[in-house]
Undergrad: 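Here you go, one structure.
In this chain, residues are counted from 1 in sequence order.
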Amino acid sequence: MEVQEQGTKSRVVKVNSMESWDIHVNQATLQGCPIVAHFTAVWCIPSVAMNPFMEELASMYQDMCFLTIDVDEVKEVASKYEVKAMPTFLLLKSGVPVDKIVGANPDEIKKRIQSLALSNPTDIP
């Protein structure tokens, strides 16, 4: 089990099984939270380099669910969404994929996540 060195809890949740994926997607869907899923691999340097960026985004967009999936550990999820390259970022709304970004492009990822956030207003009375 990994321990966070800095003592702060990560806002990015690590998915370690298909069951875990289903639970997080169902919970986020019930709560009306869009999902940002980062498909990664420990051997992929650009993927690993995106981890701090994902933490930063998760802090900025606290009404979204941020997940990270190691494609070698949870092949079923990667296969289900046809993830063939790392990093891949899958954006889901109501549990349904609405966007996919392949590659480590922080500006494009931020722009698409911002667009997803704007399409999902949470402060409507």
Side-chain angles (χ1 to χ4, degrees):
M1 190 166 202
E2 288 184 25
V3 178
Q4 293 286 343
E5 290 296 324
Q6 67 270 42
T8 56
K9 188 175 184 319
S10 172
R11 292 227 352 106
V12 179
V13 178
K14 183 171 172 48
V15 171
N16 53 20
S17 68
M18 187 70 177
E19 293 77 22
S20 172
W21 169 263
D22 289 339
I23 289 167
H24 289 296
V25 170
N26 289 335
Q27 185 177 9
T29 301
L30 287 172
Q31 294 173 349
C33 295
I35 299 168
V36 178
H38 172 204
F39 289 87
T40 183
V42 293
W43 47 263
C44 177
I45 302 303
S47 279
V48 174
M50 293 302 288
N51 290 338
F53 179 66
M54 289 297 290
E55 288 291 344
E56 180 186 321
L57 289 172
S59 294
M60 288 171 55
Y61 296 99
Q62 297 197 10
D63 58 342
M64 288 188 178
C65 176
F66 284 78
L67 304 175
T68 185
I69 304 95
D70 186 308
V71 296
D72 293 323
E73 291 177 18
V74 195
K75 291 179 173 77
E76 307 93 334
V77 178
S79 175
K80 178 179 179 179
Y81 294 99
E82 299 180 1
V83 173
K84 308 224 185 299
M86 273 56 70
T88 292
F89 299 87
L90 187 65
L91 308 183
L92 297 98
K93 188 173 181 178
S94 301
V96 177
V98 293
D99 204 353
K100 185 189 244 183
I101 307 125
V102 178
N105 184 340
D107 291 337
E108 187 63 24
I109 293 162
K110 193 179 275 190
K111 186 172 89 177
R112 306 251 192 117
I113 289 173
Q114 186 173 17
S115 174
L116 181 64
L118 293 173
S119 73
N120 193 64
T122 55
D123 45 54
I124 297 173

Undergrad: Can you name the residues that form a side-chain contact (heavy atoms from CB on, under 4.5 Å) with V48, not counting sequence neighbours?
TA: N51
Undergrad: Got a sec, which residues hit side-chain contact (heavy atoms from CB on, under 4.5 Å) with K75, two or more places apart in sequence or on another chain?
TA: none
Undergrad: For K100, which residues count as a salt bridge (charged side-chain N to carboxylate O under 4.0 Å, His left out) partner, sequence neighbours excluded?
TA: none
Undergrad: What pairs of residues pass the ring pair (Phe, Tyr, Trp, His ring centres under 6.0 Å) test when at least one of them lies in residues 61-81, not counting sequence neighbours?
TA: W21-Y81
Undergrad: Applying ring pair (Phe, Tyr, Trp, His ring centres under 6.0 Å) as the test, list every pair that has at least one member in residues 95-115; sequence neighbours left out.
TA: none
Undergrad: Are any of the side-chain heavy atoms of V12 and L57 separated by less than 4.5 Å?
TA: no
Undergrad: What's the shortest heavy-atom distance between L90 and P97, and which atoms?
TA: CD1-CB, 3.9 Å
Undergrad: Once side chain to side chain donor-acceptor pair (under 3.5 Å) is applied, do any residues pair with K110, and if so which ones, sequence neighbours excluded?
TA: none
Undergrad: May I ask you to test the K111-I113 pair for a side-chain heavy-atom distance under 4.5 Å?
TA: no
Undergrad: So, for K14 and D70, which heavy atoms are closest and what is the spacing to 0.1 Å?
TA: NZ-CB, 4.1 Å
Undergrad: Suppose the criterion is ring pair (Phe, Tyr, Trp, His ring centres under 6.0 Å): which pairs have a residue in residues 28-52, not counting sequence neighbours?
TA: H38-F89
Undergrad: How many angstroms lie between atom NZ of K80 and atom CD1 of I69, to the nearest 0.5 angstrom?
TA: 11.5 Å
Undergrad: Taking the side chain as every heavy atom from C-beta outward, state whether M64 and L116 have any atom pair closer than 4.5 Å.
TA: yes
Undergrad: Donor-acceptor pairs under 3.5 angstrom involving side-chain atoms of residues 29-37: please list them, not counting sequence neighbours.
TA:
| from | atom 1 | to | atom 2 | distance (Å) |
| --- | --- | --- | --- | --- |
| T29 | OG1 | V25 | O | 2.7 |
| T29 | OG1 | G95 | N | 3.3 |

Undergrad: Looking at every non-hydrogen atom in both residues, tell me the closest pair between A41 and M86 and how far apart they are.
TA: N-CG, 4.0 Å
Undergrad: Taking I23 as the starting point, is it possible to reach L92 by hopping between hydrophobic residues whose side chains are less than 4.5 Å apart?
TA: no
Undergrad: Using side-chain contact (heavy atoms from CB on, under 4.5 Å) as the criterion, list what pairs up with N105, not counting sequence neighbours.
TA: D107, E108
Undergrad: Applying side-chain contact (heavy atoms from CB on, under 4.5 Å), run through D22 and H24 and close with a yes or a no.
TA: CA-CA 6 Å; D22 289 339; H24 289 296; over 6 Å; no
Undergrad: Quick one: pull up CE in M54 and OG in S59 and give me the separation to the nearest 0.5 Å.
TA: 11.0 Å
Undergrad: Working note: M50 + I109, criterion side-chain contact (heavy atoms from CB on, under 4.5 Å); need CA distance, chi angles, decisive distance, verdict.
TA: CA-CA 11 Å; M50 293 302 288; I109 293 162; 3.5 Å; yes
Undergrad: Under the rule for side chain to side chain donor-acceptor pair (under 3.5 Å), what residues qualify as partners of D99, not counting sequence neighbours?
TA: R112
Undergrad: Identify, with sequence neighbours excluded, every residue that meets salt bridge (charged side-chain N to carboxylate O under 4.0 Å, His left out) alongside E19.
TA: none
Undergrad: Using every non-hydrogen atom in the two residues, find where P87 and A104 come nearest and quote the distance to one decimal.
TA: CG-N, 3.7 Å
